[in-house]
> 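Please see the structure below; I have some questions.
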Number of protein chains: 2
Amino acid sequence: MPPAHHALDPGERLRAAGLRVTRPRTAVLSALAERPHADTDAIIGAVRDAFGPVSHQAVYDVLRVLTDAGLVRRIQPTGSVARYELRVGDNHHHVVCRSCGTIADVDCAVGDTPCLTASDDRGFVIDEAEVVYWGVCSGCGP
Amino acid sequence: MPPAHHALDPGERLRAAGLRVTRPRTAVLSALAERPHADTDAIIGAVRDAFGPVSHQAVYDVLRVLTDAGLVRRIQPTGSVARYELRVGDNHHHVVCRSCGTIADVDCAVGDTPCLTASDDRGFVIDEAEVVYWGVCSGCGP
DNA sequence: CGGGTTTTCTTGAACAAGTCAAGAAAACTT
DNA sequence: AAGTTTTCTTGACTTGTTCAAGAAAACCCG
C-alpha cells in the first residue's frame, strides 16, 4: 500500500508537483509541517535554524512557488501578516482569537467547494467561500 | 416619523455616536456614502476633492475613530489594502473578483450573528463568522 | 460670548512587509 | 561534462500604515 499523500516527505512532494528539489524548499516544507499557520518571519527563522543562512528573499520566492503549485496555502486574516499551512484542498476554515491572534483549524461542516452559496451572487461566478470565525480562545477567555 | 438611522446626515450620525463634528469626519462619511468599499487612498482623494487639502494622517485618524465607534466597518480581503464601508451591524458578506478586485455586498442568508456555527469551536468563544466569496465578476468573466 | 480644556489636525519622519533587479550559484538536460 | 534553465544572494526600493510633537479647532461652562 503506497503512503498517503500527506505522508510524502518534502522531496517526494516537490517532485510529485514537478518542482526542483532544493534545500530551501524542503526546509520550508519541513518548517510548515511543524508549525501550521506560521508567518513568514517564523518560517525564515525555522529554515535558518535547520539549514543555515538563507536570504529572506529566497524564502519569499519559495513560498510563492509552493503556493502557486498548490503545495501550501496562504492565509491572511485581517490585521495579520501572511501565514502559511500545508493543509490544502480539504476546504477547511479557521478560528482566530481576537486577543492573542492564535489560529486553529476547523473542518468545513459541508465538505465540498464552495461550501456555501451566496444568497445573491451579484453576477459573479463563485468558486470558493472563505470563512473566518472570530472569537476568543480558551487561553485568553475567562 | 423619525428618519431611519441610515438616513441621518453625517453630522447627526457623529453626534449620535458622541463624537465631535469636524469637516474631515463629515467628508469621510460622505465619501463613503458615495463609494462603498473605497480604499484609504480613494477616500483621501475624495475628501480632498470635496473639502480641500487634508493630510493623509487626518484621514487615517478619522477612519480609526469612526471604525472604533462602529460608524464604519473596515474590511481587508487577502491581497487587498484596507477598505471601508458604511454598512455596519447588518451582518452582510462580500464577493470579491479575483481578476479586478471589485467587491460587492451579499446579504447574509441566515441573518443573525454569528451566522454560522463552526463544526468544532476548538474551545473558542466565537462571536462572528466572516465570509468572503471568491470568484470572477461579470465584467471580467466570459 | 469668551477663557480654558480637550480633542483633532498638520507636518514630517519612521517602520514593516513585501517586491524588484542583476548577477552568482546550483540543478537539470543531453 | 557542457550548456541551459532555474534558483538564490545581495541590496535597494515601494507601499501602506503608524508614531510624535506642536498648532489649530471644537466643545464646555460660567
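Atom set for the values below is all heavy atoms of this structure, side chains included, hydrogens, waters and symmetry mates excluded.
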> Which nucleotide in the list C/dG18, D/dC27, C/dA27 gets nearest to the side chain of A/R20?
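Closest nucleotide to the A/R20 side chain: C/dA27.
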> Rounded to whole angstrom units, what separation is found between the CZ atom of B/R74 and the C1' atom of D/dT18?
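So the CZ-C1' distance, B/R74 to D/dT18, works out to 11 Å.
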> Please check the phosphate of D/dT17 (OP1 and OP2 only) for any side-chain N or O of B/T40 closer than 4.0 Å.
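Yes.
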> So B/V21 and B/E12, do their side chains get closer than 4.5 Å, heavy atoms only?
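They are not in contact (no side-chain heavy atoms under 4.5 Å apart), so the answer is no.
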> Any donor-acceptor pair under 3.5 Å linking the side-chain atoms of A/H37 with those of A/D105?
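Side-chain D/A pair, A/D105 to A/H37: present.
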> Quick one: which of C/dC9, C/dT19, D/dC8 gets closest to the side chain of B/A58?
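Minimum distance to the B/A58 side chain belongs to C/dC9.
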> With a 3.5 Å cut-off and no angle check, do the side chains of A/D107 and A/H92 form a donor-acceptor pair?
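Result is no, nothing qualifies.
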> For B/R64 and C/dT8, give me the distance from atom CZ to atom P, rounded to whole Å.
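One finds 12 Å between P of C/dT8 and CZ of B/R64, rounded.
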> Working to the nearest 0.5 angstrom, can you tell me the gap between B/Y84 OH and B/I43 CD1?
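Those atoms lie 7.0 Å apart.
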> Would you say A/R25 places a side-chain N or O within less than 4.0 Å of OP1 or OP2 belonging to D/dT7?
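Indeed, a polar side-chain atom of A/R25 lies that close.
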> Let me spell it out: for each of A/S55 and B/V81, pick the nucleotide of DNA chain D with the closest heavy atom. Which residue's pick is nearer the 5' end?
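Counting from the 5' end, the first nearest nucleotide belongs to A/S55.
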> What is the distance, rounded to the nearest whole Å, between atom OH of A/Y60 and atom C1' of D/dT10?
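Spelled out: OH on A/Y60 to C1' on D/dT10 is 16 Å.
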> What is the distance from CZ of A/R23 to P of C/dA27, rounded to the nearest Å?
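That distance rounds to 10 Å.
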> Can a side-chain donor-acceptor contact be found between A/E130 and A/H93 if the only test is distance below 3.5 angstrom?
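No donor-acceptor contact under 3.5 Å links the two side chains.
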> Just checking A/V65: base, sugar-phosphate only, or nothing, at a heavy-atom cut-off of under 4.0 Å?
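Result for A/V65 = nothing.
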> Taking atom C1' of D/dG16 as reference, at what distance in whole Å does atom CG of B/D39 sit?
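Rounded to whole Å, this separation is 10 Å.
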> Return no unless some side-chain N or O of B/T22 is found under 4.0 Å from OP1 or OP2 of C/dT7.
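Indeed not, no polar side-chain atom of B/T22 lies that close.
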> Distance check needed: C/dA17 P versus A/I43 CD1, whole Å only.
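Value for this atom pair: 13 Å.
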> In this structure, how many angstroms lie between the P atom of C/dT8 and the CG atom of B/L63, rounded?
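Rounded to whole Å, this separation is 14 Å.
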> 5'-most contact on DNA chain D: B/D61 or B/A82, nearest heavy atom basis?
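Checking each residue's closest nucleotide, the 5'-ward one belongs to B/A82.
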> For the pair made of CD in B/Q57 and P in D/dG22, what is the distance, rounded to whole Å?
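The distance from CD of B/Q57 to P of D/dG22 comes to 16 Å, rounded to the nearest Å.
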> Measure from the side-chain heavy atoms of A/H56 and tell me the nearest of C/dT10, D/dT17, D/dG11.
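Comparing C/dT10, D/dT17, D/dG11 against the side chain of A/H56, the answer is D/dG11.
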